[in-house]
Amino acid sequence: MSIGSIMRHFAGGHAPGERARRPDGRWWLIMAAVAVFGGATGAVLLSLRARHGTDMGGFLQGVLLTLGLLIVLAANSAVTAMLAGWLAPSRLWSSAACFTIIEAMLLLLVLPILKVIASAFVLTDAATGEGSFSFFWFGRLMEDQTLRFLVNGIALACLATLLSIILAVPLAVLRARFRFPGQAVLGVAVLVPLILPPFVGALSMKSLLGQYGSLNILLSNIGLFSMRNAPDWLAGGLGSVAVLQALHLFPIMYLNASAALANIDPAHIQAARNLGAGPWRTFFSVTLPLMRPGLFAGGTIVFIWSFTDIGTPLILDYRNLLPVEIFSRLTSADYGGKTFAQVVVLLTLSVLMYVLGKFIFGRDSGATGGKATIQAETARLGVRGTIGAWLLFGGVLLLALIPHIGVVLLSTSDHWINTILPARYTTAHLRDVVRSPATYRSIINSCRYAGASVSLDLVVGAAAAWLLVRTRAAGRTLMDTLVMLPLAVPGIILAAGYVSLTAPGTWFESIGPGGDPFLILVIAYSVRRMPFVVRGVGAGLQQVPESLEEAARNLGSTRRSAALRITLPLIAANIIAAAVLTFTFTMLEVSDSLVLAQRAADYPITKQIYDLFTSGTQDSNNLAAALGVYGMILLGGTMGVASLLLGKKLGAIFRA
Amino acid sequence: MNGITVRGVGKTYRSGSREVEALRDIHLDIEDGEFFFLLGPSGCGKTTLLRIIAGLLDPTRGRIYLGDRDVTDQPVHKRNTAMVFQSYALWPHMSVYQNVEFGPKMRGVNGPARRDIAENNLERVQLVGFGDRKPNQLSGGQQQRVALARALSAGADCLLFDEPLSNLDARLRMHMRAELRQLVKDTGATAVYVTHDQKEALSMADRIAVLSNGWIVQVGTPEDVYNHPTTRFVADFLGEANFIRGEVEGTAPLAVLQTRAGPIRVKPELPPAKGTTVTCCVRPEYLTLHARPPQDRQTNSLSVRVVHQLYLGEIRQYVCELSNGTRWRASVLGEKTAEFRDDAPAWLCFRNGDATLLVD
């Protein structure tokens, strides 16, 4: 052994000749991959077995799926072995892990989407029953309202994004640049609007703002108008939907704007002030442009969220939107070519917007992230300023929390007809929810689904984040695109894909909506929330300088032990926060829950609320609201934990 | 008349119940067109004072005057100062032109005139043709020049520099000193420059104020503060210095100091009182090393032992131990081979006029 190779050995590198002599590394790798996927699958299987006892249908499907995954892994190891010929040993492991994730995403994300897209291009001949490739269904779209719905959707998303920016940016600036009493409380309270369970908000909005709602009763009591010609505040159509969405989603913009502000070197702002620009001029010519990448990162999320949202439009009964149209077709079991052609159009547009937001508008203009060289000077607000700040925060929060307040009122009201506030209060609904088997089961179901999918997300998402930030694995750009793609894929489309994959008559019928949807729901949830975990953990990794790990390795620690002892504790907050948020949003998930859970026994919370909501009796509304209250408490708690753990970094999770 | 006057300025930071005095009662009169330096170690308050002059910080007490205007209550953008930041603070979303034209734009100068000003100043910093680039497409040295051009373009009455050269590599920094001084003197503006680098201050300043712990310790020309430091802190902070304490025995015509290493005769600026204890300070470059003591009435000779030596290229520095155990450093210019070996006995000599007496 030459001195050079000894040196390389100590430095952790490999001499060129060593590559051929380390074939066993691959086997370790394959075993590790099998362990990860086997473990995840095993957990799923165990849970299935516990649930079904002797019913082996779902179990068999699980075995089938595991076999499928093993085939994937076999292919994976083959590819890896092939790559070993030209990849350096240091990149072999990471590249193979990267391929594994790519394959999993192809299987669980791209395949369902392709399946959906495929049926849109097939025209079945009625006479022969043979399908042929055709654009027939797209032609049909031109004939009806699809185009109009699409334009509506874009207008809606633009409006909602703009509104949420207008709401969020002043609050973020107020929070970042000034000091006033109660600042910390308000900063956390701003996140509360994000945790509204869907549908129940609608119920409460109707009781508060509907034609015979509290506001109108209050106004007619004052004598502004009589109840007979009272306006319905919710009948504004598109505008109302946009306002509601903005009030619901502006915290995402707020988080991103806060993070962007924190990243601006205060010297940039001081330089502008020093050269004669007043506070407003400085804000518009320096601060705002420097915030742009952050605003676009959040804006892209809000835009796509709004564009593909079905919850809020359903609340306001505004149906002239493509996602809502697709939703009604799918729930009425219309799996025709036209439905899927609509899906293709919606998907293409949202992916396009994602790409535009991420790669064109949101591109970092260079040194914006530059480290702060000077401590930011925060101005203390006087009494008047403090009152103003509280009014601004309070006003926005009051508006944004109307649904929440309504939900709480509704869940505790015993009698609430034609009065401003409920005439009598009761805790019966809150108790009934826990006692009633149907609602109780839905809570348990949701926890099971969310728990399993968060575990899966953490394993895969953390691995993906690590591969992205810390390695030069081959194919990591593709992996990044694939794991982030769910942000751009409307939930309803992915749900349609899973429906199509598990449709009656296919292989996976028994894990579909008609069978036991546990597996497919967990997969759907995991795939949908994967971006949060990848971005959350990735942001943590980026903030831990690699030199910390290198120092540990230099002092004799192995790569793995350095990662476990140095990096892991430093990013623990990010991991926990990502897990907590993923759990939260999984519990709130609408599209997959509504489409994939079709038997009452499998209902998650959101579907149960929807079920109660649509059943229409007065009592069921109260029960739905009570269920919503439990959801809010759960989500509020987790959100608070995440916010405490991450502080300003929370914004990193909601980025494109 | 665009001098800067600082009257009784203090700055107190409150962190919880603790109060930190960043500046205590600063008085300064900076002349019109003067290149004035604030020099001191980190944490001495020099940057705080600069930022108070710019209006980026409010003083806890005291007044600031730019020319005849009392600007203490004026917001930063109305003060008409132009600052070069340590980090340059070039706006990354604007081109070099947009950066440099920002100041004139804020003063309402129209487009073509703005471009003329920008071109003019980019030419002065030798960056013609770089106007359309973005700051992150420039090297560190070029960014520094753009920051300079941006400040010059503002047409401000006074220029403020916050350690502008500290991010450059040593060679470029040396080169920029002379150039920066020339550029600033050409504009005729009053300039205040903050640095912790004594070489920078000595080579560029008209006058220097040395700060320590929120106080101004000494104000004077570079020659003045270097050769006649009034305190041990100033002597030590500006270059190297050797010290020895002694009791004043005689005062006329020369002050005679009785030290533990022997008597020292000094020609002081102000004769100290007999019987007091003072510190005698001698710079290493004024010391010479001899095998035998020279018979010269104007020269002090101390018997020493050479401890070790450092070869620094242009000079050779001997570390010598005085008879009382104090170690002094003597710098000898251009000594190719060592004339004294380690442990050798020698005589350390300096002329009466080359020592300073510090009162402490």
Side-chain angles (χ1 to χ4, degrees), chain A residues 169 177-181 184 257 260-297 360-382 385, chain B residues 13-14 47-48 50-58 74-95 98-109 133-138 143 146-147 150-156 158-160 162-163 166-167:
Chain A
V169 171
R177 294 276 180 262
F178 298 95
R179 280 170 298 148
F180 54 91
L261 276 171
N263 276 338
I264 297 175
D265 183 350
H268 283 137
I269 289 153
Q270 291 170 3
R273 300 278 280 125
N274 172 254
L275 292 179
W280 290 103
R281 191 113 192 221
T282 305
F283 179 77
F284 285 106
S285 61
V286 174
T287 313
L288 203 58
L290 288 178
M291 284 172 77
R292 200 201 57 190
L295 290 183
F296 267 101
I360 297 177
F361 298 120
R363 215 173 38 186
D364 222 303
S365 59
T368 44
K371 279 194 199 96
T373 53
I374 299 173
Q375 218 183 340
E377 312 289 350
T378 52
R380 182 178 288 281
L381 286 180
Chain B
Y13 284 108
R14 220 167 253 116
T47 302
T48 306
L50 187 79
R51 296 171 75 76
I52 286 176
I53 293 172
L56 290 166
L57 274 179
D58 291 327
Q74 246 178 8
V76 49
H77 62 284
K78 301 239 170 90
R79 290 205 184 183
N80 204 18
T81 67
M83 186 154 163
V84 177
F85 287 78
Q86 186 175 13
S87 63
Y88 315 144
L90 297 177
W91 301 299
H93 61 294
M94 297 184 192
S95 68
Q98 287 171 311
N99 266 284
V100 176
E101 287 174 19
F102 192 87
K105 190 173 173 186
M106 290 304 125
R107 281 185 293 131
V109 180
R133 300 232 195 143
K134 286 282 173 74
N136 60 357
Q137 294 170 314
L138 302 175
Q143 290 182 12
V146 175
R150 184 173 75 179
L152 294 176
S153 299
C158 90
L159 293 168
L160 305 174
D162 185 7
E163 309 207 21
S166 64
N167 285 340

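Everything quoted here is computed from the prediction, not taken from an experiment.
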Student: For A:S285, is it the side chain, the backbone, both, or neither that has a heavy atom closer than 4.5 Å to a heavy atom of chain B?
Tutor: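 When you check distances to chain B, atoms from both the backbone and side chain of A:S285 fall under 4.5 Å.
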
Student: Do B:H77 side-chain atoms and A:A272 backbone N/O form a donor-acceptor pair below 3.5 Å?
Tutor: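 No; judged by distance alone, with no hydrogens or angles, the pair does not exist.
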
Student: Nearest heavy-atom pair of B:H93 and A:L290: which atoms, and what distance?
Tutor: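 The pair with the smallest heavy-atom distance is ND1-CD2, 3.5 Å.
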
Student: Working to the nearest 0.5 Å, report the span between CZ of A:R273 and CZ of B:R79.
Tutor: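 Answer for the CZ-CZ pair, A:R273 versus B:R79, is 10.5 Å.
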
Student: Can you sort out the partners of B:Y88 under ring pair (Phe, Tyr, Trp, His ring centres under 6.0 Å), two or more places apart, ordered by chain and number?
Tutor: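 Checked B:Y88 against ring pair (Phe, Tyr, Trp, His ring centres under 6.0 Å); zero matches.
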
Student: So, does A:H268 use its side chain to make a donor-acceptor pair with the main chain of B:L90 at under 3.5 Å?
Tutor: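 Confirmed, A:H268 side chain pairs with B:L90 backbone.
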
Student: Where is the tightest heavy-atom contact between B:A89 and A:A267, given as atom of each residue plus distance?
Tutor: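 It is CB-O, 3.4 Å.
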
Student: Test A:L275 against every option in B:R150, B:M83, B:K105 by the side-chain contact (heavy atoms from CB on, under 4.5 Å) rule and name the one that passes.
Tutor: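 The residue from B:R150, B:M83, B:K105 that satisfies side-chain contact (heavy atoms from CB on, under 4.5 Å) with A:L275 turns out to be B:R150.
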
Student: Measuring from B:F85:CZ to A:N274:CG, what's the distance to the nearest 0.5 Å?
Tutor: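 Between B:F85 CZ and A:N274 CG, I get 5.5 Å after rounding to 0.5 Å.
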
Student: To the nearest 0.5 Å, tell me how far A:T287 OG1 sits from B:W91 CH2.
Tutor: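 That separation rounds to 10.5 Å.
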
